[in-house]
Engineer: 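Sharing a structure, written as structure tokens. Questions coming.
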Number of protein chains: 2
Amino acid sequence: MSDIQKPGLARGMRDFGADELYAREHIFSTIRQVYQKYGFGPLETPAIENLSVLTGKYGEEGDKLLFKVLNSGPYLDDIDAAALSSKDYKKITPGITEKGLRYDLTVPLARYVAMNAHQLTFPFKRYQIDKVWRADRPQKGRYREFYQCDGDVIGSYSMMYDAECILIFDEVLGALGLPDFTIKINNRKILSGLAEAWGFTDKFGQFAIAIDKWDKIGENGVVQELGSRGFSETQIHQVQHLFRLAGTIEDKLKTLDTWFVNSKTGKKGIAELRELLSFLETVAPKKAILELDLKLARGLDYYTSTIFEVVLNEVQIGSIASGGRYDELTAGFGLPNMPGVGISFGAERIYDVLKQMNRLPQNHKNKVKALILNEGSEKEKSGFALLAYLRGENIAVEMYPSVEKSGKQYGYAEKKGINYVISLASGENGGEISVKNIISGEKQNTNWAALASLLNKEQ
Amino acid sequence: MSDIQKPGLARGMRDFGADELYAREHIFSTIRQVYQKYGFGPLETPAIENLSVLTGKYGEEGDKLLFKVLNSGPYLDDIDAAALSSKDYKKITPGITEKGLRYDLTVPLARYVAMNAHQLTFPFKRYQIDKVWRADRPQKGRYREFYQCDGDVIGSYSMMYDAECILIFDEVLGALGLPDFTIKINNRKILSGLAEAWGFTDKFGQFAIAIDKWDKIGENGVVQELGSRGFSETQIHQVQHLFRLAGTIEDKLKTLDTWFVNSKTGKKGIAELRELLSFLETVAPKKAILELDLKLARGLDYYTSTIFEVVLNEVQIGSIASGGRYDELTAGFGLPNMPGVGISFGAERIYDVLKQMNRLPQNHKNKVKALILNEGSEKEKSGFALLAYLRGENIAVEMYPSVEKSGKQYGYAEKKGINYVISLASGENGGEISVKNIISGEKQNTNWAALASLLNKEQ
């Protein structure tokens, strides 16, 4: 051991203890089971990827947030002396780092699919629930290490999968007991169609960014932003028409039909959306409200068709799940025309909401069910035999490790949330024992087999 | 997207697909369940730790193998210009890296216990099954990212926990179906006692390193090594006596008793070992052979008492699990006198052995049970309804996403290992369907409910 160090977590990092892990695992396993039921298999990619794989995929801002791993050995040997003396770190970094920590699960998926396309069965359906790392400024609810819970179907244009994504949102969030939620859908081609119909195809990106802010800055804010970006009054007026569209999804689509008489892209978007909805007419979401939100644009450039976002109706916490359809997942790795649709659950936000609403499971099935008191050398061995017997019956139990006053031993049980404390009336193996429920105070004499069946019933 | 990149894994990294992950999860969940039954709770520490926490804990060689994360921003600004111009990377590294990837799970545990001692309940029993990273030279069976499966009990000197470690080895490895194995035990105090009794306390480290090599270099090798390190002929002769000790564990201990008349440490080691064995007399391992191997020393300096190593009797693959007792887990973090005992399973080796022996589960319970053929627009919607019905019965099923020749659709089922293919005789919801077992070729007409119960029986 070296000199004494003050122990501390690295910035933006967290430890998770048992109670929190069991609650989080409840969320993860619910997501995992639903993915599996829908035919998704697990994939695990490594934490460390080549920076050549990661860089340039997340925009300039994203590149800055990549954690980069320093090369081993004399990493400065080949570095330009002038760059070193001018401390030009931007120029030096690529020479001293080759690897980085994954920033999301999508780029590693694309890398995996591109590498293994020849041996994969398409449509390839995978989920990955795993950590990602971002060198972001830590703040409330934002960490430098967090989980993503992704599911993607690669290699098919079928809208059946988009419909399944909606049913997966509905089933997972319903099973977790989240309060009422809405699944907002839109289609990027509809937004492109609007730009086409209203004559600002050249400013499509600015249009999408502006309307996506509607929730935050309101209609006036959007109007102002469009104005400042050179949209004409007529165009802004048309965009305002969009905000006034009301009625059922079909009502909205019928209006769009009339706007898209001359927009091929718009018509295609409507057709895709109607195809998706035809599946949901057969099997409707059980809990979610489904809403066609034509203001929904989503930031990521690679979405080309359906886009999703799930929000809680009564809790202002932003989206708790999202996703969309893309055409070119693996194009950056030399494999063009690979369409797919993917979704992701915001496990951190879901955890926060469920915790605040007291809807996380309090008792987990792996909890220690009983503590055997340590009553000294002779009974200790009998207690050890009872431990083995109960564990043989698949019951989680412990014995206190040393002879201490019973107050201390009971205290251990209480602090660990163990409800039953067992005392060995006789030292004999298989002999009579007494068991006390330390919550109710109830005490009874019993035998080993009866104790096992009592504890097995306990949640 | 940037320019096209050739997709590749970083050196020493691996992707795991579904079949391998299910097999690996079988190993992890077996370990996890046994830990939980013995009262261990999960702990999850972050992948990234401060280098101040990690450095100096693994020896000079270990420090070299730490993956270091480059600081963000203009990280060179405060670096000494002279060091930069001389490319003195060893001097520069501490100034440009503050964080690193964890190298094992023990040092983060020590950091966690030291930080949270005031609120933990002792004895604190935690397990962690998680990835660690080492910048080692990759070679067959050695990776730069791999899992460790650790369990530790912190805060107690009781030999009951050492006995439980042996029972955990026995139960996990037995449940996984590993071939016959031996749990070797020893006690560091016995080795210290020998050095005391034979007068080479000053050369204890060299003695321990030499005898630990017996398996590799044989008795002659050990004798040579001791000779070259300045042990006297008498001392070497005494060490050879050690190698000749035979008989039961108790026979060996009785001989040691006579050697340790004047060694307090040796006597203490014997007493600890006898105490441990007294628990195992009450509850014996079911499958393991237990062997007192006085040549067992183990490299890590922090072991102070019991040490364990598990090897297969017939397969030469090195140790598949190991561990030991220590007195000062958290001393490096300013919290002295924190004893404990910990073990770890070598999941990679266990996986390799089980795979080679064909003892990994072939069918996993999450497998997709059936594929519904896509027979066109009208039947497609009925198929979608059947999908939802079967998933409602908790059965993993898929429908083929588009109308293709049945050969292609059957091919998808075969490649994904799906055994049943379903065709919708009529397009009606709840109507008659035909189901074919594509392994036996057997075909039958049935209804939705009967299909659900058929598939639910399927492993």
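Order of the sequence lines fixes the chain letters, A, B, ..., with proteins taken first and strands second; residue numbering starts at 1 for each chain. Computed over heavy atoms, backbone and side chain alike; hydrogens, waters and symmetry mates excluded.
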Engineer: Under 4.5 Å, counting heavy-atom pairs only, tell me which of B/Y400, B/Y147, B/Y389 racks up the most with chain A.
Structural biologist: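 Highest number of heavy-atom pairs under 4.5 Å: B/Y147.
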Engineer: So for A/L387, is it side chain, backbone, both, or neither that comes closer than 4.5 Å to the heavy atoms of chain B?
Structural biologist: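 Looking at A/L387, just its side chain touches chain B.
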Engineer: State, with a plain yes or no, whether a side-chain heavy atom of B/E164 is found less than 4.5 Å away from one of A/R391.
Structural biologist: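 They are in contact (side-chain heavy atoms under 4.5 Å apart), so the answer is yes.
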Engineer: If you compare all heavy atoms of A/A385 against all heavy atoms of B/T282, which two are closest, and at what distance to 0.1 Å?
Structural biologist: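 Shortest heavy-atom contact: CB-CG2, 3.7 Å.
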Engineer: What part of B/Y75 lies closer than 4.5 angstrom to a heavy atom of chain A: side chain, backbone, both or neither?
Structural biologist: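 For B/Y75, heavy atoms of backbone and side chain both lie under 4.5 Å from chain A.
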Engineer: Please name the pair of heavy atoms, one in B/F67 and one in A/V69, separated by the smallest distance, quoted to 0.1 Å.
Structural biologist: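 Looking at all heavy atoms of both residues, the closest pair is CD2-CG1, 3.5 Å.
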Engineer: Report which part of A/V53 has an atom under 4.5 Å of a heavy atom belonging to chain B: side chain, backbone, both, or neither.
Structural biologist: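 Just the side chain, heavy atoms under 4.5 Å.
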Engineer: Any heavy-atom pair between the side chains of B/K87 and A/L84 that's under 4.5 Å?
Structural biologist: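 Heavy-atom side-chain distance check passes, below 4.5 Å.
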Engineer: Can a salt bridge be assigned to the pair B/E44 and A/K131 using a cut-off of 4.0 Å between side-chain N and carboxylate O?
Structural biologist: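 Here B/E44 pairs with A/K131 in a salt bridge, since their nearest N and O are under 4.0 Å apart.
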Engineer: Do other residues, nucleotides or ligands put more than 12 heavy atoms under 6.0 Å from the CG atom of B/D77?
Structural biologist: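 Yes, because the 6.0 Å sphere around CG of B/D77 holds more than 12 heavy atoms from other groups.
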Engineer: Can you tell me which of B/E98, B/K6, B/E49, B/K415 forms the most heavy-atom pairs within a distance under 4.5 Å of chain A?
Structural biologist: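 Of B/E98, B/K6, B/E49, B/K415, B/K415 has the most heavy-atom pairs under 4.5 Å with chain A.
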Engineer: Could you pull out all residues at least two apart from B/Y58 that satisfy ring pair (Phe, Tyr, Trp, His ring centres under 6.0 Å)?
Structural biologist: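 For B/Y58, the residues satisfying ring pair (Phe, Tyr, Trp, His ring centres under 6.0 Å) (neighbours in sequence not counted) are B/Y103.
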Engineer: Under a 4.5 Å heavy-atom cut-off, does chain B meet the side chain of A/N394, its backbone, both or neither?
Structural biologist: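 Both parts, heavy atoms under 4.5 Å.
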Engineer: Side chain, backbone, both or neither: which part of A/I96 has a heavy atom under 4.5 Å from chain B?
Structural biologist: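 It is the side chain, since no backbone atom gets that close.
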Engineer: Check this for me, if you would: do A/E398 and B/K125 make a salt bridge, where the nitrogen-to-carboxylate-oxygen distance has to be below 4.0 angstrom?
Structural biologist: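 Salt bridge flag = yes for B/K125 with A/E398.
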Engineer: Less than 4.5 Å apart, side chain to side chain, heavy atoms only: is that true for A/L101 and B/L101?
Structural biologist: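 The answer is yes, as the side chains (C-beta and beyond) meet within the 4.5 Å cut-off.
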Engineer: Is it the side chain or the backbone of A/I92 that comes within 4.5 Å of chain B heavy atoms, both, or neither?
Structural biologist: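 Both backbone and side chain.
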Engineer: What residue, out of B/G411, B/G73, B/G12, has the most heavy-atom pairs lying under 4.5 Å from chain A?
Structural biologist: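 Most heavy-atom pairs within the cutoff with chain A belong to B/G73.
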Engineer: Side chain, backbone, both or neither: which part of A/A47 has an atom under 4.5 Å from a heavy atom of chain B?
Structural biologist: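 Contact with chain B: backbone and side chain both.
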Engineer: Sort out for me which of A/V153, A/N116, A/D19, A/V283 touches chain B most, counting heavy-atom pairs under 4.5 Å.
Structural biologist: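 Most pairs with chain B among the choices: A/V283.
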Engineer: Measure the spacing between NZ of A/K381 and OG of B/S278 and express it to the nearest 0.5 Å.
Structural biologist: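 The distance works out to 3.0 Å.
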Engineer: Is A/S402 close to chain B through its backbone or its side chain, or both, or neither, when contacts mean heavy atoms under 4.5 Å?
Structural biologist: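 Neither part, no heavy atoms under 4.5 Å.
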Engineer: Which bit of A/L21 is near chain B, if near means a heavy-atom gap under 4.5 Å: side chain, backbone, both or neither?
Structural biologist: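 Only the side chain of A/L21 comes within 4.5 Å of chain B.
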Engineer: Side chain from CB out, backbone as N, CA, C, O: work out which of these in A/T45 comes under 4.5 Å of a heavy atom of chain B, or both, or neither.
Structural biologist: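 Both parts, backbone and side chain.
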Engineer: Please report the interatomic distance NZ(B/K90) to CG(A/L76), rounded to the nearest 0.5 Å.
Structural biologist: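 With rounding to 0.5 Å, NZ (B/K90) is 12.5 Å from CG (A/L76).
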Engineer: Between A/R32 and B/E25, is there a salt bridge with N-O shorter than 4.0 Å?
Structural biologist: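 Judged by the 4.0 Å cut-off on N to carboxylate O distance, B/E25 and A/R32 do not form a salt bridge.
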Engineer: Could you tell me if the side chain of B/L9 sits less than 4.5 Å from the side chain of A/P46, heavy atoms only?
Structural biologist: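 A side-chain contact exists here, since the closest heavy-atom pair is under 4.5 Å.
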Engineer: With rounding to the nearest 0.5 angstrom, report the CH2 to CD1 distance, A/W133 to B/I48.
Structural biologist: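 Interatomic distance, A/W133 CH2 to B/I48 CD1, rounded to 0.5 Å: 7.5 Å.
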Engineer: Side-chain contact, heavy-atom cut-off 4.5 Å: B/P401 with A/P123?
Structural biologist: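 B/P401 vs A/P123: side chains touch.
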Engineer: Do B/Y412 and A/T121 come close enough that some side-chain heavy atom pair is under 4.5 Å?
Structural biologist: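 In contact.
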Engineer: Between B/E281, B/E145, B/R24, which residue shows the highest count of heavy-atom pairs closer than 4.5 Å to chain A?
Structural biologist: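 Top option by heavy-atom pairs under 4.5 Å: B/E145.
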Engineer: Using heavy-atom distances under 4.5 Å, tell me whether A/L66 contacts chain B through its side chain, its backbone, both, or neither.
Structural biologist: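 Nothing of A/L66, per the 4.5 Å heavy-atom cut-off to chain B.
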Engineer: Which distance, rounded to the nearest 0.5 Å, do you find between the NZ of A/K99 and the CZ of B/R11?
Structural biologist: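 Between atom NZ of A/K99 and atom CZ of B/R11 there are 8.0 Å.
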Engineer: Between B/V368 and A/G39, what is the shortest heavy-atom contact and its length?
Structural biologist: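 Shortest heavy-atom separation between B/V368 and A/G39 comes out as CG2-CA, 3.5 Å.
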Engineer: Considering only heavy atoms, which portion of A/M159 lies under 4.5 Å from any heavy atom of chain B: side chain, backbone, both, or neither?
Structural biologist: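 Neither part, no heavy atoms under 4.5 Å.
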Engineer: Would you mind telling me which of B/L167, B/T93, B/L371, B/I418 has the largest number of heavy-atom pairs within less than 4.5 Å of chain A?
Structural biologist: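 Highest number of pairs under 4.5 Å: B/T93.
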Engineer: If I measure from the heavy atoms of chain B, does A/R111 come under 4.5 Å with its side chain, its backbone, both, or neither?
Structural biologist: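 Contact with chain B: backbone and side chain both.
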Engineer: How close do B/D15 and A/Y112 get, counting heavy atoms only, and between which atoms?
Structural biologist: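 For B/D15 versus A/Y112, the nearest heavy atoms are OD2-CD1, 3.3 Å.
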Engineer: At a heavy-atom separation under 4.5 Å, does B/Y157 approach chain A through its side chain, its backbone, both, or neither?
Structural biologist: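 It is neither, since no heavy atom gets under 4.5 Å.
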Engineer: Can you tell which part of A/Y38 gets under 4.5 Å to a heavy atom of chain B, answering side chain, backbone, both or neither?
Structural biologist: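 Both backbone and side chain.
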Engineer: Residues two or more places apart in sequence or in another chain: which of them pass ring pair (Phe, Tyr, Trp, His ring centres under 6.0 Å) with A/F279?
Structural biologist: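 Ring pair (Phe, Tyr, Trp, His ring centres under 6.0 Å) list for A/F279, sorted by chain: B/F384.
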Engineer: Report the distance from atom CG of A/N374 to atom OG of B/S158, rounding to the nearest 0.5 Å.
Structural biologist: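 Rounded to the nearest 0.5 Å, the CG-OG separation comes out at 7.0 Å.
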